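Let me begin by presenting the structure, written as structure tokens, before commenting on it.
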Amino acid sequence: MEKFSCSECRRSYSVGPARWRCDCGFPLDLEFAPEFPIEKILKRGPDLWRYREAIPVAKDRSILSMGEGFTPLVEAEIAGRRIFLKMDYLFPTGSYKDRGATVLISKINELGVRKVVEDSSGNAGSAIAAYCTRGGIACDIYVPHSTSRGKLAQIESYGATLRKIKGSRERTAQVTMEAAKRAYYASHSWNPYFLHGTKTFAFEIWEQMGWASPDALILPVGHGTLLLGAHIGFKELKEAKRVKRIPKLVGIQSTSCAPLYQALRRGWRETQPIEKRETLAEGIAISEPVRGKQILKAIRETGGEILTVTEKEIVSALKEMGRKGHFIEPTSAATIAGVKKYLNKKKGGETIVSSLTGTGLKAVEKISPLTALP
Ligand SMILES: *Cc1c(COP(=O)(O)O)cnc(C)c1O
Ligand SMILES: [Zn+2]
């Protein structure tokens, strides 16, 4: 079976329900040998479990699935250029977090865990709650008070216990870590099984682009679960000699909360705590990314960069995407604002893939005052 390993101090551990970080305090990675049998993949249904041999869940009967994934890869014209967008707001719970949740909660099911805790600004909590209820696993979701009402209603409708925490997103994380002493910590930011679900983003792009890599991926980055998952996925494909290269990783942050941007600009190996301001992009308002060091390394290794976008640019991208038929949440609009910025300073010629990560339907009370204006 796969093993936990620490990229910081090189310790390794067998996989078990109690461990969620290294003794040195660093988040753990997973040592796992994926396979990509194309003939078998092509015979399977259009969901992310078609890459079965690359997902670290041993038994089929452990799998908790709603046929999620294999989202369309759609061409779009942004800033006068053609790029590709993954329709990841079409997941059962309305965001790409289902990629991580279906794999992590299936694994938890396999380990025989019956109760989990998780903290989230909304979408991860919704996804974890949905897959837990399908497995009959009890689940407490900790959220900051300011979370969108739609996300709160969704978490409760899945039967999870909702714990609203006063104060910042960081305080919510601290309270959850305390609770994690008594229940499994199904954390999207700490748990490496989550990343071994989000990595399916890379596999789908690989298949949808005719078994090839694009030149660049432009992705939102808070804790980096999509960005790091995409990096793991393309690294695995490259190691298996299924693609020639790993795409350049371009991360998008809000100017109101951009610890990774700051660290990259200043040449730091890790992020420093920052003053965070309010932002519409609640999904990436993370001032202390758990895997900050790994994100910076992945971006540097691939020759990528981080761009920041203002609130005004987020609103304008949100309206523009609405007019193209995509009702997305402000965090996803921030990504598109970043795509525009990237395209405006680059000449053509690159194949670019980005993602619409979350639906607007959960964030109506935040969106309606913005879209009503001309
Ligand atoms: C969680 C989330 C993100 C950012 O993911 P990170 O793992 O924090 O980088 C982006 N968009 C949406 C809609 C999200 O829910
Ligand atoms: Zn360690």
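Indexing begins at 1, ligand by ligand and atom by atom, following the structure's order. Note that the coordinates shown come from a computational prediction; the quantities given were computed from them, not determined experimentally.
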In terms of hydrophobic clusters joined by side-chain contacts under 4.5 Å, are Val250 and Phe201 together?
no
So for Ala124, does at least one of its heavy atoms come nearer than 4.0 angstrom to any atom of ligand 1?
no
For atom 5 (O) of ligand 1, what is the closest protein heavy atom, and at what distance to 0.1 Å?
Tyr96 OH, 2.8 Å
Tell me, which protein residue and heavy-atom name are nearest atom 14 (C) of ligand 1, and how many Å apart are they?
Lys97 NZ, 2.9 Å
Using a 4.0 Å cutoff against the non-hydrogen atoms of [X], which atoms of ligand 1 qualify?
X: Gly358; value: 13 (C)
X: Glu329; value: 13 (C)
X: Gly283; value: 1 (C), 2 (C), 3 (C), 4 (C), 8 (O)
X: Thr225; value: 6 (P), 7 (O), 9 (O)
X: Thr357; value: 10 (C), 11 (N), 12 (C), 13 (C)
X: Ile284; value: 4 (C)

[X] N/O to ligand 1 N/O under 3.5 Å:
X: Ser332; answer: no
X: Val221; answer: no
X: His223; answer: yes
X: Gly222; answer: yes

For ligand 1, indicate whether the residue [X] contacts it via side chain, backbone, both or neither (heavy-atom separation under 4.0 Å).
X: His188; value: neither
X: Tyr89; value: neither
X: Asn123; value: side chain
X: Thr331; value: side chain

Does this structure show an ion pair linking Asp140 with Lys115, if we count only N-O contacts that are shorter than 4.0 Å?
yes
Residues Glu320 and Arg323 bridged, charged N to O under 4.0 Å:
no
Say whether Thr271 and Gln262, considering side chains only, have a donor N or O and an acceptor N or O under 3.5 Å apart.
no
Where the Zn ion (ligand 2) is the centre, what is the SG-to-SG angle for Cys6 and Cys9, rounded to 10°?
110°
Tell me whether the centres of the aromatic rings in Phe203 and Phe36 are closer together than 6.0 Å.
yes
Classify the ring geometry of Trp206 against Tyr51: parallel below 30°, tilted from 30° to 60°, perpendicular beyond 60°.
tilted
Is there side-chain contact between [X] and [Y], with at least one heavy-atom pair below 4.5 Å?
X: Val243; Y: Trp211; value: no
X: Tyr185; Y: Met177; value: yes
X: Leu260; Y: Val221; value: yes

For Glu365, look at atom CD and say whether over 12 heavy atoms of other residues, nucleotides or ligands are found less than 6.0 Å away.
yes
Working to the nearest 0.5 angstrom, can you tell me the gap between Glu110 CD and Leu64 CG?
10.5 Å
